[in-house]
Amino acid sequence: MLPEDLMLLFLDDETGRVLSDTASIHTALAAAVLLELVNSGRVAFDADGVKLAVVDPTPLENELLQESLIRLYEPMEPTRAVKRLRPHVRDNVMAQLVDQGVLTLENTRMFGIFPTERYVIQDPQVITDLRDVICKAAWRRRAPDEHIRALMSLLYAVNAVNDVFRGIIDGTKVNARAGEIADGDWAAEAVALIMDTTSKATSWGIVASSMSAASFGGSR
């Protein structure tokens, strides 16, 4: 499933640590879930092609998709739908990967003191194969199918291509090809808009904090 494969790409195949920031991962995964619902025929655009709405409320067997379908209880634009699906999406996708035996969850201690958990990849070849298919698509050695196109588009939309391929290959060519595929893709555009808005909000927050600190300091 698209969200699971995307999450695997966000993991280091040796250490199991995530390769990107939380906002990027959650936003990309939420879009992947939305794409699954659209591709399954449960959600579709309205006649104007502006808002998405549930067109088939038949319960789904997959718990993550069913819980996500319920959240889309009214027509909404893609950006809002992605935001609606973001809460807990990474934990839910990881839980599915654990249930499938792709990952295992181990209890350990940070610095030998603090209790923590870490995910262990049972078959790193799964991630290697995914990256290999993406590379072949980037180098035009094979035409990407809809699944691979979606993975590349979403990685590009959150600017994570280089994070995912760092230390493996030069991600420049992969990023360029992913950009071509993402161009005009509604899901990638929604994700990019959310990330841009988030980035601006963070920047303004930093500026406001700095101005406040400067003002406080100057009032002494």
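Just so you know, these numbers come straight off a predicted model, no measurement behind them.
- Cluster annotation: I25 is not connected to L193 through the hydrophobic network of ILVMFWY side chains, with a link wherever side-chain heavy atoms come within less than 4.5 Å.
- No continuous path of hydrophobic side-chain contacts links L34 to V50 [ILVMFWY only; heavy atoms under 4.5 Å].
- Minimum interatomic distance between L6 and A32 (heavy atoms only, all atoms of both residues): CD2-CB, 4.0 Å.
- Using a 4.5 Å heavy-atom threshold, the side chains of E77 and K51 count as touching.
- Sorted by first and then second residue, the side chain to side chain donor-acceptor pair (under 3.5 Å) pairs involving residues 154-163 (not counting sequence neighbours) are D163-R166.
- For the 3.5 Å distance criterion, the side chains of Q125 and D129 qualify, holding a donor opposite an acceptor.
- Within a 6.0 Å sphere centred on CD of E146, other residues, nucleotides and ligands contribute 12 heavy atoms or fewer.
- Rounding to the nearest 0.5 Å places CG of D21 at 8.5 Å from CZ of F10.
- The shortest non-hydrogen separation linking A178 to V161 is CB-CG2, 4.3 Å.
- Within the 3.5 Å criterion, the main-chain N or O of H26 finds no donor-acceptor partner in the side chain of R86.
- A heavy-atom distance below 4.5 Å is not found between the side chains of F165 and N175.
- We find the CG-CD distance between N92 and E63 to be 7.5 Å, quoted to the nearest 0.5 Å.
- Between R84 and Y73, some side-chain heavy-atom pair lies under the 4.5 Å cut-off.
- Here the side chains of M195 and S24 are in contact, with some heavy-atom distance below 4.5 Å.
- The two residues L37 and L60 have their closest heavy-atom pair at CD2-CD1, 3.8 Å.
- Side-chain contact check for E74 versus R80: some heavy-atom pair is nearer than 4.5 Å.
- Two residues are said to be in side-chain contact when any heavy atoms from C-beta on lie closer than 4.5 Å; L154 and L35 meet this criterion.
- The backbone N or O of L2 lies less than 3.5 Å from a partner atom in the side chain of E36, making a donor-acceptor pair.
- In the hydrophobic clustering of this structure, V55 does not group with L85; members are Ile, Leu, Val, Met, Phe, Trp, Tyr whose side-chain heavy atoms approach within less than 4.5 Å, directly or through other members.
- At least one side-chain heavy atom of L9 sits under 4.5 Å from a side-chain heavy atom of I134.
- Pairs engaging residues 177-188 under the side chain to side chain donor-acceptor pair (under 3.5 Å) rule: R140-E180, R177-E180 [sequence neighbours left out].
- In this structure, L65 is a member of the same hydrophobic cluster as L97, with clusters built from ILVMFWY side-chain heavy atoms closer than 4.5 Å.
- A donor atom on one side chain and an acceptor atom on the other are found under 3.5 Å apart for Q96 and N62.
- No side-chain heavy atom of I194 sits less than 4.5 Å from a side-chain heavy atom of T197.
- From D91, atom CG reaches atom CG of L64 across 11.5 Å, with rounding to the nearest 0.5 Å.
- Hydrophobic cluster membership is shared by V93 and I121, with clusters built from Ile, Leu, Val, Met, Phe, Trp and Tyr side chains linked at under 4.5 angstrom.
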> Do R131 and D13 pass the side-chain contact (heavy atoms from CB on, under 4.5 Å) test, and can you show the C-alpha distance, the side-chain angles, and the key distance before you say yes or no?
Replying inline: CA-CA 11 Å; R131 289 178 179 151; D13 54 3; 3.6 Å; yes

>> If you apply the rule side-chain contact (heavy atoms from CB on, under 4.5 Å), what do you find for E4 with V102, and how did you get there?
In response: CA-CA 10 Å; E4 294 162 349; V102 179; over 6 Å; no

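- Contact detail for S68 and V33: the closest heavy-atom pair is OG-CG1, 3.3 Å.
- Atom OG1 of T58 sits about 12.0 Å away from atom CD of E61, to the nearest 0.5 Å.
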> Hey, mind stepping through L11 and V18 against side-chain contact (heavy atoms from CB on, under 4.5 Å) and telling me if it holds?
Replying inline: CA-CA 5 Å; L11 297 177; V18 294; 3.9 Å; yes

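- When every heavy atom of V54 is checked against every heavy atom of L72, the shortest pair comes out as CG2-O, 3.1 Å.
- Among all heavy-atom pairs drawn from D56 and L69, the shortest one is O-CD2, 4.0 Å.
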